[in-house]
Amino acid sequence: MTAEIISVGTELLLGNILNTNAQYLSRELAALGITVQRENTIGDNHGRLADFVNEAKQRCDLLVFTGGLGPTADDLTKETVAACYGDTLEFDPVEWEKIVAFFTRTHRETTPNNRKQAMVPVHGHKVINNHGTAPGAWFEQDGHCAVLMPGVPHEMKAMWEESVRPLLMARQNCTLHSVTLRVLGGESDLEYRVRHLLENANPTAAIYCKTGECEIRITARAETDTEAEKMCRAYATKFYDLLGDAVYDEDVAGLEETVIHTLQARGLTLATAESCTGGLIAQRLTSVSGSSEVFGFGFVTYWEQAKAKMVGVDPAVIAKYNVVSAPVAAQMALGAAETAGADIAVSVTGVAGPTGGDAVRPVGTVYLGAARGDTVYVKKLFVSRPDRAMVRARAAQAALELALRLAQGKVPAGTQALAKSAQHDDTALMALDAFFLKAD
């Protein structure tokens with residue numbers, strides 16, 4: 001089956017709203033084995049929309065619309081698409097009762113134009129909206145189909161998951177099972193290593209790039225869910241064989257979730273000491289339900305004085321090596337662990353930009369520390385793109401990776417170790433500092 005995604009709304013063309021619906025639907029349709037041939041955005045204009053629909057329905061099996069189902073005069077999608085598919089609309093008393101009930105619950109009154117949302121297809125059928133006032137619609141003509149969903153992202157996603165996705169799966173007479181591998185590393189390197197596994201017809205596999213990591217989504221089609229799940233599991237094993245522990249988890253929202261779950265499973269606690277990330281690491285950790293069981297202290301030590309007062313960084317070390325340095329990152333992590341009484345602590349100090357860099361420490365330079373027991377592991381990160389948000393996001397991701405490896409009982413790759421007993425030893429600190437400066 002082939003499809004096109006059509007986003008309707010002049011506000012999208014003006015750039016007032018980010019179109020996340022198209023991205024979501026592209027991935028969902030691909031997971032169903034439906035080939036998305038085009039993505040299009042059309043303004044709120046009856047003539048242009050009708051011309052486009054009449055052309056598009058001839059070249060693919062399914063048109064997927066979002067937007068234009070509201071009560072205002074410029075919400076034209078439903079009546080326009082109905083006419084293009086030889087259908088008409090009729091008033092649905094049940095939908096009208098739902099709309100009235102919604103307005104009543106929110107202490108508002110309906111207006112005459114709200115009745116427009118209760119109009120549903122005569123020959124096609126409505127698609128129930130359990131999360132808003134605008135029902136969707138399904139039209140069909142000569143084997144070509146169109147499905148209309150609201151433009152509000154949370155309503156669209158709910159309608160897709162509850163109604164549209166099951167409908168499309170039933171039409172394909174199969175079941176699907178997916179598993180998403182979360183993999184640390186960059187997209188180009190990963191794709192090269194697993195490129196032959198991305199060309200399979202069933203199961204399929206696709207890579208999606210994130211900050212500091214990638215998702216590999218594996219989807220299998222079979223007659224039963226058990227069979228599809230078995231196919232997914234077998235194919236996932238091939239990725240594990242190639243990528244090893246770079247695959248850090250499956251079907252999780254992000255690295256922070258895996259960190260929290262690993263700490264919980266092993267009975268460990270974590271603390272953070274942040275400078276350039278300004279609490280971003282702590283924010284990600286506390287977004288996970290149950291994080292309070294293992295995460296009790298997050299120090300935001302932006303000023304040099306705060307680093308000394310809160311986590312015990314020696315001011316003389318800052319003066320000698322710079323606040324953005326390996327010795328400072330090491331003392332921050334060790335101090336955070338001791339102050340918090342935590343088993344593990346991670347630290348970040350860097351130059352997020354766009355100002356503040358120099359020849360030795362340009363914008364994008366970040367030092368990270370990760371302490372457990374009698375050892376702290378230090379790593380240097382350089383984000384070549386001088387974007388403040390990107391530097392902070394990459395630093396937070398790297399810190400979480402360090403925390404995960406220590407929680408797993410592993411020595412983090414690409415780090416230099418310093419004994420806790422040597423954190424005030426000038427010779428040891430000079431050697432640590434020189435190691436990273438020489439590496440440049």
Side-chain angles (χ1 to χ4, degrees), residues 184 211-213 248-249 254-264 266-288 291-302 306-307 310-313 323-352 365-383 391-420 423 432 436:
L184 295 168
T211 299
E213 65 173 283
Y248 69 82
D249 213 335
L255 183 54
E256 60 273 17
E257 187 173 331
T258 303
V259 170
I260 293 297
H261 292 166
T262 304
L263 292 168
Q264 290 171 328
R266 304 197 178 205
L268 299 171
T269 55
L270 174 68
T272 59
E274 304 184 56
S275 186
C276 65
T277 47
L280 184 58
I281 304 167
Q283 185 275 325
R284 287 184 60 177
L285 290 167
T286 55
S287 70
V288 181
S291 57
S292 61
E293 299 173 17
V294 295
F295 178 68
F297 289 81
F299 303 97
V300 178
T301 57
Y302 221 62
K307 292 176 176 64
M310 299 179 71
V311 293
V313 176
V323 71
V324 179
S325 65
V328 169
Q331 289 194 350
M332 287 174 67
L334 288 167
E338 184 171 348
T339 303
D343 299 300
I344 298 169
V346 292
S347 65
V348 178
T349 179
V351 187
T365 302
V366 180
Y367 285 93
L368 304 104
R372 182 175 183 184
D374 295 328
T375 307
V376 61
Y377 301 90
V378 181
K379 183 172 187 175
K380 185 178 182 181
L381 172 70
F382 180 70
V383 182
V391 173
R392 285 159 46 86
R394 288 284 305 279
Q397 180 76 5
L400 290 171
E401 181 180 350
L402 292 176
L404 175 63
R405 295 314 184 201
L406 288 190
Q408 293 171 332
K410 299 176 180 179
V411 174
T415 61
Q416 188 72 2
L418 177 73
K420 180 179 180 180
Q423 66 172 309
L432 179 67
F436 288 104

> Who pairs with F299 by ring pair (Phe, Tyr, Trp, His ring centres under 6.0 Å), at least two apart in sequence or on another chain?
Replying inline: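 Scan of F299 (ring pair (Phe, Tyr, Trp, His ring centres under 6.0 Å), adjacent residues dropped) gives F297.
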When you measure from the side chain of [X] to the backbone of [Y], do you find a donor-acceptor pair of N or O atoms at a distance under 3.5 Å?
X    : Y    : answer
S347 : A329 : yes
K307 : Y302 : yes
T286 : Q283 : yes
R372 : D343 : no
E293 : Q264 : no

>> Before you tell me yes or no, could you show the steps for R284 and Q397 under side-chain contact (heavy atoms from CB on, under 4.5 Å), namely the whole-Å CA-CA distance, both residues' side-chain angles and the distance that decides it to 0.1 Å?
In response: CA-CA 9 Å; R284 287 184 60 177; Q397 180 76 5; 3.0 Å; yes
Nearest 0.5 Å please: distance from the [atom1] atom of [X] over to the [atom2] atom of [Y].
X    : Y    : atom1 : atom2 : value
H261 : L404 : NE2   : CG    : 12.0 Å
R394 : L381 : CZ    : CG    : 5.5 Å
L270 : L263 : CG    : CG    : 5.5 Å
K380 : T415 : NZ    : OG1   : 15.0 Å
L255 : L184 : CG    : CG    : 6.0 Å
L432 : Q423 : CG    : CD    : 11.5 Å

>> For a side-chain contact (heavy atoms from CB on, under 4.5 Å) check, start with the C-alpha distance between I260 and V294, then their side-chain angles and the critical distance, and finish with the verdict.
In response: CA-CA 7 Å; I260 293 297; V294 295; 3.7 Å; yes
Grab the two heavy atoms, one from [X] and one from [Y], that are nearest each other, plus how far apart they are.
X    : Y    : answer
V378 : A326 : CG1-CB, 3.7 Å
A337 : A345 : N-CB, 3.5 Å
V324 : T365 : CG1-O, 4.1 Å
T272 : G298 : OG1-CA, 3.2 Å
L368 : A395 : CD2-O, 3.5 Å
A340 : A271 : CB-CB, 3.6 Å

> Where do L406 and Y377 land on the side-chain contact (heavy atoms from CB on, under 4.5 Å) test, with the steps shown first?
Replying inline: CA-CA 9 Å; L406 288 190; Y377 301 90; 3.7 Å; yes
>> Apply side chain to side chain donor-acceptor pair (under 3.5 Å) to residues R405 and Q408 and explain how you reach the verdict.
In response: CA-CA 5 Å; R405 295 314 184 201; Q408 293 171 332; 2.9 Å; yes
> Mind checking whether S287 and E256 have side chains closer than 4.5 Å, heavy atoms only?
Replying inline: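 SC-SC contact between S287 and E256 confirmed.
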> Please walk me through it: do T349 and M332 pass side-chain contact (heavy atoms from CB on, under 4.5 Å)?
Replying inline: CA-CA 9 Å; T349 179; M332 287 174 67; 4.0 Å; yes
> How about E338: does its CD atom have over 12 heavy atoms from other parts shown lying under 6.0 Å from it?
Replying inline: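 Atom CD in E338 is not packed in, count stays at 12 or less.
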